[in-house]
Amino acid sequence: MFVHARLVEGVSEQALLVPQQGVSRNQRGEPTALVVGQDNKVEMRVLKVDRAIGDKWLVLDGVKAGDKVVVEGLQKARPGTVVRAVEANKSSGEAPQEQPNPGERKLTQRQ
């Protein structure tokens with residue numbers, strides 16, 4: 001016996017996908033991400049994620065379009081730290097090679 005099923009998938013034009021390497025878990029097991037705010041300060045955000053799609057998380061709440069999520073340098077970044085965000089290379093996921101100014105932390109982000 002077999003069944004033919006038709007599954008209708010919705011398409012959300014406003015969906016946000018965040019790279020998995022930019023998402024970690026806090027002590028309660030909640031997904032979190034470090035985000036570079038308007039004043040170039042790092043802030044910790046608790047996310048509400050739905051599921052993984054490829055190598056990204058489908059995020060329902062916690063970040064909005066245009067937020068800069070830290071995907072490299074997570075060990076060095078702490079909430080409240082002032083940083084200069086460098087956009088990650090979208091094809092390889094790596095940041096362009098450039099030297100930060102002395103006393104400045106170099107983090108990469110992906111939108």
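Taking both residues in full, the closest heavy atoms of Gly54 and Gln20 are given as O-NE2, 3.8 Å, listed atom of the first, atom of the second, then distance. For the pair Leu58 and Leu17, the tightest heavy-atom approach, listed with the atom from each and the gap, is CA-CD2, 3.9 Å.
Taking the side chain as every heavy atom from C-beta outward, Leu60 and Val49 never approach each other to under 4.5 Å. Put simply, the side chain of Val69 does not reach to within 4.5 Å of the side chain of Leu34, judged on heavy atoms. Using a 4.5 Å heavy-atom threshold, the side chains of Arg25 and Thr32 count as separate.
At most 12 heavy atoms of other shown residues, nucleotides or ligands fall within 6.0 angstrom of atom CZ in Arg28.
Leu16 and Val46 fall into different hydrophobic clusters, defined by Ile, Leu, Val, Met, Phe, Trp and Tyr side-chain heavy atoms under 4.5 Å apart, directly or through other members.
A side chain to side chain contact (heavy atoms under 4.5 Å, CB included) with Leu47 is found for one member of Val63, Val35, Asp61 and no other, namely Val63.
Here CE of Met44 is found 8.5 Å from CZ of Arg78. Values are rounded to the nearest 0.5 Å. Lys56 contributes atom NZ, which lies 14.5 Å from atom CZ of Arg51 (distance to the nearest 0.5 angstrom).
Residue pairs satisfying the salt bridge (charged side-chain N to carboxylate O under 4.0 Å, His left out) criterion with at least one member in residues 32-43, sequence neighbours excluded, are listed as follows: Glu43-Arg45.
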